[in-house]
Amino acid sequence: MNYYMAPMEGLTTYIFRNAFHQYYGGIDKYFTPFLCNRHMSSREKNDILPEHNRGMCTIPQILTNKAEDFLSLCQDLSSYGYDTVNLNLGCPSGTVVAKGRGAGFLSCPDELDAFLDEIFSRCPLSISIKTRIGMEQESEWETLLSLYQKYPIAELIIHPRLQKEGYGGTPHLSAYKRAEEMLSCPLCYNGDITSPATQEKTLKTLPGIKTIMLGRGLLKNPLLPALLRQENTDSSTLKSFHDTILDGYLSIMSGDMNTLYKMKDLWTFFGQSFDGAEKYLKAIRKARTVTDYRLAVNAIFRTCRVILPAPSDPW
């Protein structure tokens, strides 16, 4: 099985990716948080710089519904040595969808078809796609699959939920199965793989899966790829992993609060891996200086038990 790290805006930055690769690894491809403007900002350039992604197979992701913007970014990315990009047709965020981007683009199949025709005919790079199965109705998926059949997609990463479902409910595994039947391009499954048990359950229905993208489950538990590979796990590295991320942000950001915003966002996920941590998590949320933040974090690691899902635990 191959495993990918999902792109999560503001979370899976190059600081996070490098720390993860250093302490855990087990990821075959790392996808960057999306680029959405015609030209990259300095922050976005830092995230895709080859020297910030050494030793990792990194794929930049693009979020746009304008072919010229997509092609302009691809030209820039090509100059940095990239040979593949990923098109985001999966983001369910209301603000993104309202602009007709991400999963919102799926509601306009004719416009999407024209967009894909232009980028596949003109882009110098290989193009993979991350997609939802539609906006409102499962029946939309047939139209989208017929559209995807037309293009030389390097890889189709399928999150088998509708946009309206967000991250709730149960993934529609039958939709992924239908893609296996209709498409010849490589496929990747994304959605609710958070433990060996959830992987096993999904593979019972979809035994043909060869690649899985991990998102929220990996942020909750960085040991997840090792658990899924049935390798030995050691929670003692969690503190060093955290401290490397913290030090990385402190080295590139001015002022405590900018770094704390980043770290507090991560603790939305990290905190779910500790038993009885609520009062310390509250202290993390209230911290206004790095010193106070470190005190709260040290207390969690000193006091609280790390929860690791067993192979039979749905977690």
Side-chain angles (χ1 to χ4, degrees), residues 4 6-7 9 31 34-38 59-74 84-191 206 208-209 211 213 215:
Y4 297 168
E9 182 65 14
F31 288 73
F34 58 71
L35 308 169
C36 61
N37 297 309
R38 188 182 183 90
I59 310 294
Q61 186 182 78
I62 299 175
L63 174 78
T64 186
N65 56 9
K66 297 178 180 179
E68 289 301 328
D69 289 358
F70 183 93
L71 293 167
S72 176
L73 281 167
C74 287
T84 303
V85 294
N86 180 257
L87 171 64
N88 182 328
L89 296 177
C91 180
S93 166
T95 54
V96 169
V97 169
K99 297 177 181 178
R101 301 188 297 190
F105 208 174
L106 303 177
S107 66
C108 307
D110 291 340
E111 294 176 23
L112 177 58
D113 191 11
F115 172 90
L116 293 177
D117 183 65
E118 185 165 3
I119 66 171
F120 275 101
S121 63
R122 295 176 55 195
C123 183
L125 309 181
S126 295
I127 302 170
S128 69
I129 295 175
K130 187 173 188 291
T131 186
R132 293 262 172 158
I133 62 171
M135 287 282 290
E136 299 285 337
Q137 303 292 333
E138 288 183 66
S139 58
E140 298 170 41
W141 188 225
E142 286 294 319
T143 299
L144 293 170
L145 285 174
S146 296
L147 192 159
Y148 292 148
Q149 276 183 317
K150 297 168 59 176
Y151 298 101
I153 300 172
E155 186 170 35
L156 187 66
I157 302 165
I158 302 171
H159 187 140
R161 281 187 171 97
L162 298 164
Q163 180 275 332
K164 71 176 185 180
E165 295 172 318
Y167 297 97
T170 302
H172 304 278
L173 300 188
S174 60
Y176 190 92
K177 182 65 176 177
R178 184 64 175 145
E180 289 181 324
E181 295 168 353
M182 288 188 64
L183 301 179
S184 59
C185 66
L187 302 179
C188 170
Y189 176 85
N190 174 224
L206 299 169
I209 290 176
T211 306
M213 176 174 276

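- Residues Ile59 and Thr84 share a closest heavy-atom pair of CG2-O, 3.9 Å.
- By the 4.5 Å heavy-atom criterion applied to side chains, Cys123 and Leu71 are counted as neighbours.
- Counting heavy atoms from C-beta outward, Asp117 and Lys150 have side chains that stay 4.5 Å or more apart.
- Residues Leu187 and Glu155 are not in side-chain contact: their nearest non-hydrogen atoms beyond the backbone lie 4.5 Å or more apart.
- Between Leu162 and Met135, every side-chain heavy-atom pair lies at or beyond the 4.5 Å cut-off.
- By the 4.5 Å heavy-atom criterion applied to side chains, Thr131 and Leu87 are not counted as neighbours.
- The side-chain contact (heavy atoms from CB on, under 4.5 Å) test with Leu144 singles out one residue from Leu89, Ile133, Leu112, and that residue is Leu112.
- The heavy-atom pair separating Cys91 from Val97 by the smallest distance is O-CG2, 3.8 Å.
- Atom CD of Glu111 is surrounded by 12 or fewer heavy atoms from other residues, nucleotides or ligands within 6.0 Å.
- At a threshold of 4.5 Å between non-hydrogen side-chain atoms, the residues Phe31 and Met213 count as touching.
- Residues Tyr151 and Asp113 bring a donor and an acceptor atom of their side chains to less than 3.5 Å of each other.
- Two residues are said to be in side-chain contact when any heavy atoms from C-beta on lie closer than 4.5 Å; Leu35 and Gln61 fail this criterion.
- Between Asn190 and Ile158 there is no side-chain heavy-atom pair separated by less than 4.5 Å.
- The aromatic rings of Tyr189 and Tyr176 sit perpendicular to each other, their planes meeting at more than 60°, with 30° as the lower class boundary.
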